[in-house]
Amino acid sequence: MKNINYISTRGNTNPVSSAQAIKQGLADDGGLFMPEAIPSLTEKDFDVLKKASYPERAAYVMSKFLTDYTYEELLADCKESYSEARFPGGAAPLTNVGNLRLLELWHGPTCAFKDMALQVMPRLLSRALVKTGEKRTAFILVATSGDTGKAALEGYKDVDGIKIMVFYPVDGVSKVQKLQMATQEGNNVTVCAIKGNFDDAQNGVKKIFGNAETAELLNKNDHFFSSANSINWGRLVPQIVYYISSYCDMVNAGDINEGDEVNICVPTGNFGNIFAAYIAKMMGLPVNRFICASNCNNILTDFISTGTYDRNRAFHTTMSPSMDILISSNLERLLYVIAGQEKTASYMKELNTKGVYTVENEVKEKISSNFSGYFCGEEDTAKTIKETFDNYNYLIDTHTAVAVKCANEYMKDTGDNRKIIVASTASPYKFASNVYTSLTGESLENEFDALKATEKLSGTNIPTPLATLESKAVRFTTVINPDDMTKEVLKTIGI
């Protein structure tokens, strides 16, 4: 198999191995790592994948990208990560809802799709430290809009050679998400809230990553920075797997014939999850169209339709908080694939200095030939939760509701009746208050009352990790200004 190295989306660094890219997280020039070539999936590959279990599919697909890891290493890690104990009922099952195929990615330990990557990623990083001869402690910095933080904390807790610190917007996550992080166990974990929104947290983390003086301070104290956000290739590559796996499941079930095109709809703020699906298409997955589903923070919808990305706009706090984002980091990877390194570096410079950039017509046309942008407001989100439950007896969370609404709008607008794989990104119980209100019109102040009332109303079970949350002790209560993030990091390390 051809060895694949990784280069920056902005073009100012030398190629590195996959282990180095995963260890480092962000390229030295501030760009994101991308493979120098995208491997292809042949008919023979699909024959193997169709017969394989989910852990085998994951190891097989990831081995095509992570060429300095052995297939045996990846298989051992994937069997451990996607075990029945960690994903009761299977890692990525499909449920039919009309013409939609809901890809349930939330059966892991934190009840959100981030588990699909963040159960295996710590194992990839541990191996990367060995492969690169690293003796220092990896200090992982995470900015979260709700789900990444808990999934990363759970994945990395008590892992040797690694410490992790998570920043989240104090009023920008659900009560369950906040409690999941505040009660996190583990000797190597720290959680800190900031006064601001997710973009403030993400910008703060990026500034810390880009500060040479801070990096040198860490180095002198035998630490170095790494990332568990989807800017890290080790987070993105496991996400490619579940789109390929769901296609294989549809073929195996006789739902489609092999070679039939499907559409894919993803609720997204940071663009990582939908970009993983786009890479699957680049590998050979038969996908006709990607439906990019946004909430009221519809910056991606506007970009796809106009070619202008403008973050100088109102920020909305919504019932789908994981998508309350105005800087979609992974869009940079799509721009790199379509426009190249030089233009991408220029767009990112404009975004950093002016908060806006406009791509050339040919770039916009290439994007809009693959992507359709839709968004769903708060009222329609609530309505979609109720309609889906009333019509199909199927409970969905607020983020999945955004995607379901957008997928249905796309079908209505275009008459395109291909099957649509919809990424269902969180358990409805993570957002029980909003789900219960959407179903009944009544609001319950206490999050745990909402969990129990939703369980009773729907006849479904509260996932165990959420059912036991109420009895856990709160460990982390610190709230700081975004300007104090560096100081807090150094204090945590003991510098």
Side-chain angles (χ1 to χ4, degrees), residues 84-90 93 95 97 102 104-115 144-147 149-151 153-154 168 170-185 191 193 267 317-324 378-379 381-404 424-477:
E84 178 68 23
R86 283 188 167 81
F87 286 84
T95 295
V97 176
L102 267 63
E104 296 177 353
L105 302 170
W106 40 263
H107 291 278
T110 76
C111 308
F113 84 98
K114 309 292 172 74
D115 290 325
T144 185
S145 54
D147 286 335
K150 173 61 181 176
L153 289 162
E154 193 62 31
Y168 72 91
V170 67
D171 295 318
V173 301
S174 79
K175 288 173 189 170
V176 164
Q177 287 173 318
K178 188 181 288 190
L179 203 53
Q180 279 187 304
M181 290 186 279
T183 59
Q184 178 64 48
E185 295 160 353
V191 178
T317 301
T318 73
M319 69 171 92
S320 47
S322 300
M323 299 157 68
D324 291 348
E378 295 289 88
E379 198 178 308
T381 302
K383 195 175 164 190
T384 303
I385 290 168
K386 181 162 172 52
E387 284 177 353
T388 305
F389 185 70
D390 288 349
N391 296 336
Y392 298 98
N393 197 33
Y394 184 74
L395 202 60
I396 55 174
D397 88 294
T398 49
H399 304 75
T400 305
V402 167
V404 168
S424 179
T425 53
S427 162
Y429 286 99
K430 283 204 88 162
F431 305 92
S433 289
N434 290 121
V435 169
Y436 184 76
T437 302
S438 300
L439 293 173
T440 65
E442 300 166 18
S443 78
L444 293 170
E445 276 300 306
N446 185 294
E447 197 74 19
F448 294 101
D449 289 345
L451 280 164
K452 290 162 194 164
T454 304
E455 180 178 54
K456 188 176 177 185
L457 179 69
S458 67
T460 59
N461 295 323
I462 303 171
T464 304
L466 301 182
T468 56
L469 199 53
E470 196 173 7
S471 60
K472 290 195 170 182
V474 172
R475 292 183 64 199
F476 302 104
T477 56

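For this chain, numbers begin at 1 and follow the sequence in order.
- In this structure, the separation between OG on Ser174 and CG on Asp397 is 10.0 Å, given to the nearest 0.5 Å.
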- Task: Under the side chain to side chain contact (heavy atoms under 4.5 Å, CB included) rule, what do Leu153 and Thr110 come out as? Steps first, then yes or no, please.
- Result: CA-CA 10 Å; Leu153 289 162; Thr110 76; over 6 Å; no
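- Put simply, the side chain of Lys175 gets close to the backbone of Glu445: a donor and an acceptor are under 3.5 Å apart.
- Of the inter-residue distances, the one linking Asp115 atom CG with Phe87 atom CZ reads 5.0 Å to the nearest 0.5 angstrom.
- In summary, of the residues considered (Ile396, Thr460, Leu451, Val435), a side chain to side chain contact (heavy atoms under 4.5 Å, CB included) with Pro428 occurs for Val435 alone.
- With sequence neighbours left out, Lys383 forms a salt bridge (charged side-chain N to carboxylate O under 4.0 Å, His left out) with no residue at all.
- The closest side-chain heavy-atom distance from Tyr392 to Thr95 is not below 4.5 Å.
- A side-chain hydrogen bond (donor to acceptor under 3.5 Å, both in side chains) with Gln184 is found for exactly one of Lys150, Lys472, Arg475, namely Lys150.
- Under the 4.0 Å criterion applied to side-chain N and carboxylate O atoms, Glu447 and Lys178 are not assigned as salt-bridge partners.
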- Test side-chain hydrogen bond (donor to acceptor under 3.5 Å, both in side chains) applied to Ser320 and Thr398, step by step: CA-CA 5 Å; Ser320 47; Thr398 49; 5.3 Å; no
- Message: side chain to side chain contact (heavy atoms under 4.5 Å, CB included) for Lys114 and Thr144? Distances and angles first, verdict last.
- Response: CA-CA 11 Å; Lys114 309 292 172 74; Thr144 185; 5.7 Å; no
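- Atom NE2 of residue His107 and atom OG of residue Ser424 lie 7.5 Å apart, to the nearest 0.5 angstrom.
- Counting only heavy atoms from C-beta outward, the side chains of Pro321 and Ser145 never approach each other to under 4.5 Å.
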- Check the pair Tyr394 / Leu102 against side chain to side chain contact (heavy atoms under 4.5 Å, CB included), numbers first and verdict last. CA-CA 11 Å; Tyr394 184 74; Leu102 267 63; 3.3 Å; yes
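- Under the 4.5 Å side-chain criterion, counting only non-hydrogen atoms from C-beta, Phe448 is in contact with Leu179.
- Between the Asp324 side chain and the Thr318 main chain, a donor and an acceptor come within less than 3.5 Å of each other.
- The closest side-chain heavy-atom distance from Gln177 to Ser322 is below 4.5 Å.
- Between atom CG of residue Asn461 and atom CG of residue Leu466 there is a gap of 12.0 Å, rounded to the nearest 0.5 Å.
- Lys430 and Asp147 get closest at one heavy-atom pair: NZ-OD1, 2.8 Å.
- Qualifying ring pair (Phe, Tyr, Trp, His ring centres under 6.0 Å) partners for Phe431, counting only residues two or more places apart in sequence or in other chains: His399.
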- Before giving the answer on side chain to side chain contact (heavy atoms under 4.5 Å, CB included), spell out for Val97 and Val404 the whole-Å C-alpha distance, their side-chain angles and the decisive distance to 0.1 Å. CA-CA 9 Å; Val97 176; Val404 168; 5.9 Å; no
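- Taken to the nearest 0.5 Å, the CG atom of Asp449 stands 10.5 Å off from the OG1 atom of Thr454.
- To the nearest 0.5 Å, atoms CG (Leu457) and CZ (Phe389) are separated by 5.5 Å.
- A donor-acceptor pair is defined here as one N or O able to donate and one able to accept, closer than 3.5 Å; such a pair exists between the side chain of Thr437 and the backbone of Glu442.
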